[in-house]
Engineer: 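The structure under discussion is supplied below as structure tokens; questions concerning it will follow.
What you see is a predicted model, and the numbers here were worked out from it, not measured in a lab. The first residue of the sequence shown is numbered 1, and numbering continues consecutively from there.
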Amino acid sequence: LWSSDGSTQAYTEQQIIGYLAQAMCAYAYIGQDNKMYIKQFSQTVDKTISEAGRFSLTLGDYETKFSELSYIMMSNNSAHVIGDSNDYLIYSAGSNPMLQSSDESVMETYYTAVLNKLKEISYTPFTASLPIDLSLGVGDIVEFTGGKAVAGKCAPITSVTYKSSGSME
């Protein structure tokens, strides 16, 4: 990739895909069909799981959301933080070459657009055990109903462990 000062920087394909996904407020993954996908962060529920459809559920007693974003301007190696400090998380964008400019106001515009998209998202962390469901994977958004579940709260699956007993966590 070319930088604003005319020099080049070598990046791996994995890094380039990660930077592109970050610039799109998304993540990249390989699907069950062995194809790569880029999926935008969202709160669109992929599956609702009832109390009868799970063995156990532990919900976090807090919501996860972002209120600030930090980034590094590569042209002068300066660190910046944008957003409103209010005890939520800071998204660290690092020095994404896809969102670089020699103009600080342009960079702030880029990163403000990413932060505004991130601010739309809030999740309740969870740990659940349920029967194996191969249609669910990392990144899918699930909502739980019944029992301890709170109506309208959803969360992404961040990891999956398949157990030989026929369950997944």
Engineer: Tell me whether Glu143 contacts the main-chain N or O of Val45 through its side chain, where contact means a donor paired with an acceptor under 3.5 Å.
Structural biologist: no
Engineer: Test side-chain contact (heavy atoms from CB on, under 4.5 Å) on Val150 and Thr124 and set out the steps.
Structural biologist: CA-CA 9 Å; Val150 179; Thr124 301; over 6 Å; no
Engineer: For Tyr111 and Gly94, work out which heavy atoms get closest and say how close.
Structural biologist: OH-O, 4.3 Å
Engineer: Is there a donor-acceptor contact under 3.5 Å from the side chain of Gln100 to the main chain of Met74?
Structural biologist: yes
Engineer: Quick one about Asp103 and Ser101 (side-chain donor to acceptor, distance below 3.5 Å, no hydrogens or angles considered), yes or no?
Structural biologist: no
Engineer: From Ser95 OG over to Met73 CE, what is the distance, rounded to the nearest 0.5 angstrom?
Structural biologist: 12.5 Å
Engineer: With the side chain counted from C-beta on, respond yes when Thr145 and Ile49 share a heavy-atom pair under 4.5 Å apart, and no when they do not.
Structural biologist: no
Engineer: May I ask you to decide if Tyr162's main-chain N or O and Glu169's side chain share a donor-acceptor pair within less than 3.5 Å?
Structural biologist: no
Engineer: Salt bridge between Arg54 and Asp133, side-chain N to carboxylate O under 4.0 Å?
Structural biologist: no
Engineer: Test Glu51 against Leu57 for side-chain contact (heavy atoms from CB on, under 4.5 Å), laying out the working first.
Structural biologist: CA-CA 9 Å; Glu51 187 174 16; Leu57 172 66; over 6 Å; no
Engineer: To the nearest 0.5 Å, how far apart are CD1 in Ile38 and OH in Tyr27?
Structural biologist: 11.5 Å
Engineer: Is there a donor-acceptor contact under 3.5 Å from the side chain of Asn96 to the main chain of Tyr19?
Structural biologist: yes
Engineer: Nearest 0.5 Å, please: how far is CD1 in Ile30 from CE in Met36?
Structural biologist: 6.5 Å
Engineer: Between the side chain of Thr109 and the main-chain N/O of Ser105, is any donor-acceptor distance below 3.5 Å?
Structural biologist: yes
Engineer: Does Asn77, at its CG atom, have more than 12 non-hydrogen atoms belonging to other residues, nucleotides or ligands within less than 6.0 Å?
Structural biologist: no
Engineer: Is the Phe144 ring parallel, tilted or perpendicular to the Phe126 ring (thresholds 30°, 60°)?
Structural biologist: perpendicular
Engineer: Are Val160 and Leu130 linked, directly or through intermediate hydrophobic residues, by side-chain heavy-atom contacts shorter than 4.5 Å (ILVMFWY only)?
Structural biologist: yes
Engineer: Please determine whether residues Tyr11 and Leu99 belong to a single hydrophobic cluster, defined as Ile, Leu, Val, Met, Phe, Trp and Tyr linked transitively by side-chain heavy-atom distances below 4.5 Å.
Structural biologist: no
Engineer: Can you find a heavy atom in the side chain of Val142 that is under 4.5 Å from one in the side chain of Thr48?
Structural biologist: no
Engineer: Nearest 0.5 Å, please: how far is CE in Met107 from OG in Ser102?
Structural biologist: 10.0 Å
Engineer: Do Tyr91 and Ser70 make a side-chain contact, defined as non-hydrogen atoms from C-beta onward lying under 4.5 Å apart?
Structural biologist: no
Engineer: Looking at every non-hydrogen atom in both residues, tell me the closest pair between Gly53 and Pro131 and how far apart they are.
Structural biologist: O-CD, 3.4 Å
Engineer: Just by distance, do the side chain of Gln22 and the backbone of Val114 share a donor-acceptor pair under 3.5 Å?
Structural biologist: no
Engineer: How many angstroms lie between atom CD of Gln43 and atom SG of Cys154, to the nearest 0.5 angstrom?
Structural biologist: 4.5 Å
Engineer: Is there a donor-acceptor pair under 3.5 Å between the side chain of Asp46 and the backbone N or O of Ile141?
Structural biologist: yes
Engineer: About how many Å separate CG of Leu69 and NZ of Lys117, when rounded to the nearest 0.5 Å?
Structural biologist: 15.0 Å
Engineer: Which residues pass the salt bridge (charged side-chain N to carboxylate O under 4.0 Å, His left out) test with Glu63, not counting sequence neighbours?
Structural biologist: Lys65, Lys153
Engineer: To check you understand the geometry: which heavy-atom pair defines the closest contact between Thr44 and Ser42, and what is its length?
Structural biologist: N-OG, 3.2 Å
Engineer: Between His80 and Tyr71, how do the two ring planes meet: parallel, tilted or perpendicular, split at 30° and 60°?
Structural biologist: parallel
Engineer: Report whether Ile82 and Ile90 are members of the same hydrophobic cluster (ILVMFWY, side-chain heavy atoms less than 4.5 Å apart, transitive linking).
Structural biologist: no
Engineer: So, Phe66 versus Tyr88, ring centres under 6.0 angstrom or not?
Structural biologist: no
Engineer: Walk me through it: do Ser129 and Met168 pass the test side-chain contact (heavy atoms from CB on, under 4.5 Å)?
Structural biologist: CA-CA 6 Å; Ser129 176; Met168 61 189 268; over 6 Å; no
Engineer: Decide yes or no on side-chain contact (heavy atoms from CB on, under 4.5 Å) for Leu118 and Cys25, but give the supporting numbers first.
Structural biologist: CA-CA 7 Å; Leu118 288 171; Cys25 209; 3.6 Å; yes
Engineer: Please determine whether residues Phe41 and Leu20 belong to a single hydrophobic cluster, defined as Ile, Leu, Val, Met, Phe, Trp and Tyr linked transitively by side-chain heavy-atom distances below 4.5 Å.
Structural biologist: no
Engineer: Do the side chains of Ile121 and Tyr29 join up, straight or via other hydrophobic residues, at under 4.5 Å, putting them in one cluster?
Structural biologist: yes
